[in-house]
Asks: 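Pasting a structure below so you can have a look.
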Amino acid sequence: MFRAPGRVNLIGEHTDYNLGFVLPVALHLACSVAAAPSPDDRLRVHSGERCESREWLAAASGDLTPVHNWSDYPAGVARELVRAGYRIEPKLLLVHSTVPEGSGLSSSAALEVSSALALLGDQKIEPLRLAELCRAAEVGFVGTPCGIMDQFVSVFARENAALLIDCRSLDGQAVVLPENVEILAVNSMVKHALGQSAYKERTEECAAAVDAIRQADPAVKSLRDVTVALLEKTTPSMPHVIGRRARHVVTENERVTQFVNASRRRDVERLGQLMVESHLSLQHDYEVSCAELDFLVDTAIGIDGVLGARMTGGGFGGCTVNLLHRGAGERFRHEISAAYQERFGITPQIVECHPSGGAGEVKNSERSPGPAALSR
Ligand code: GLA
């Protein structure tokens, strides 16, 4: 059995595909894939939650095409693995996930990475290659544009720490958070359809910003190479909206660095402020928030014991991430749920975020009793 975690991103949003910095935390919520030998020459993937299966000739894994449901994630990973020279053998795979889908907690990366490990079995793979192949499956097979953050943290996360990822050098560094805080994600339970087209549009707007800035400084290859001073000098040469998109990315990269430094100083108030600044930048400059997320953030920061809050993930729904003084969680849950329920008629799901370790094989002793064991 193999496990890969979902994640919540503390800060550094829409910076990964601009080769900047991100600071996600892997969750205890994870996808598990159990693998058994197949009685024939086929590969079968079964989802426990959906009670649905997909199967194909293992030897034909390189020729798979999308069918536009959950099974495209393991199928896409199988095709990428074949293309990268790995063997796909006949197997039975049973998938079970506790990462809520469509919540912005990276259920897809968890499914991709755990499937990849189960498909690989004994074949060795470099961890970075694993993350990159899973991302390639999501972009090239499933057809969802994304950066490297989700797959990277699912593979490389360290227990009890956030992971600072430099998306240009692809280095990951564990960042231990102050002990006197707790992190809660609040799931708005909405996912606006606009999300995917807007994500693609933002990547194009960032590319347009880079083109404009390159006129002034030909060394600039991505928004990662742009300082606030250079941006200020070059913004007049670009359309207003492109300037605002670039300003979000450039200032967000700075906020990640400041967040890591504040975390090392144990300055929890500053951590909270940076999260709120990040949200405002995503709301007004990058325009990827929505009424539900803005409401959750505005309400959260008015609750006693809350240090800061922001939307997390791609946006247009999904979750907010909230930083609290340790011990303030109970009151927060109650107040945020009541306010959201009253305003939108929806009960939000609240997820405790305890930094968990990255993907790997689950040893027998670590397994929780499955349904078969329970019925015995
Ligand atoms: C989605 C993508 C990530 C990242 C975030 C925004 O979650 O999968 O790669 O771009 O959006 O930070």
Side-chain angles (χ1 to χ4, degrees), residues 4-27 29 31 72-73 76-77 99-113 131-157 162-168 170 172 185 187-188 191-192 194-207 222-224 245-246 248-253 255-256 259 274-275 278-279 281-283 285-290 293 310-321:
R7 61 98 188 95
V8 68
N9 190 19
L10 291 180
I11 198 157
E13 216 65 82
H14 288 277
T15 45
D16 61 353
Y17 53 85
N18 288 301
L19 308 188
F21 297 107
V22 292
L23 188 70
V25 161
L27 302 174
L29 302 179
C31 184
D72 281 348
Y73 294 97
V77 165
V99 190
E101 260 175 56
S103 60
L105 297 179
S106 190
S107 58
S108 25
L111 175 53
E112 290 152 14
V113 174
E132 283 174 330
L133 287 177
C134 289
R135 179 194 178 196
E138 179 144 354
V139 176
F141 192 89
V142 180
T144 313
C146 68
I148 191 72
M149 166 168 66
D150 305 348
Q151 293 80 7
F152 192 104
V153 67
S154 192
V155 170
F156 286 97
L163 191 67
L164 172 64
I165 309 171
D166 178 335
C167 299
R168 183 169 64 188
L170 297 176
N187 186 352
S188 67
K191 189 87 208 156
H192 298 294
L194 190 64
Q196 201 167 323
S197 58
Y199 192 99
K200 186 163 171 285
E201 206 176 282
R202 294 297 175 277
T203 61
E204 290 160 3
E205 289 165 340
C206 291
S222 69
L223 287 177
R224 164 64 180 278
R245 304 299 190 239
H248 164 71
V249 176
V250 172
T251 56
E252 184 77 352
N253 277 329
R255 281 187 287 272
V256 179
F259 192 98
L274 287 162
M275 289 171 76
S278 166
H279 184 79
S281 177
L282 288 156
Q283 180 181 358
D285 275 351
Y286 218 62
E287 294 180 290
V288 290
S289 188
C290 61
L293 293 172
R310 55 181 289 278
M311 55 153 275
T312 183
F316 299 101
C319 286
T320 60
V321 56

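Just follow the structure's listing: the first ligand is 1, and inside any ligand the first atom is 1.
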Asks: Going by the rule side chain to side chain contact (heavy atoms under 4.5 Å, CB included), which residues pair with E201 if we only count those two or more places apart in sequence or in a different chain?
Replies: E205
Asks: Show the protein residues that qualify under the rule heavy atom under 4.0 Å from an atom of ligand 1, listing them in chain and number order.
Replies: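 Residues within 4.0 Å of ligand 1: R7, E13, H14, D16, Y17, C146, G147, M149, D150, Y199, G313, G314.
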Asks: Scan for salt bridge (charged side-chain N to carboxylate O under 4.0 Å, His left out) pairs involving residues 15-24, sequence neighbours excluded, and state none if there are none.
Replies: none
Asks: Which residue pairs pass the side-chain hydrogen bond (donor to acceptor under 3.5 Å, both in side chains) test with at least one member in residues 103-112, sequence neighbours excluded?
Replies: E112-Q151
Asks: Between R202 and E287 (salt bridge meaning N to carboxylate O under 4.0 Å), is one present in this structure?
Replies: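 E287 and R202: not salt-bridged.
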Asks: For the side chain of T15 and the backbone of V249, is there at least one donor-acceptor N/O pair under 3.5 Å apart?
Replies: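 A pair under 3.5 Å: no.
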Asks: For the pair D150 and R135, find out whether any cationic side-chain nitrogen is under 4.0 Å from an anionic carboxylate oxygen.
Replies: no
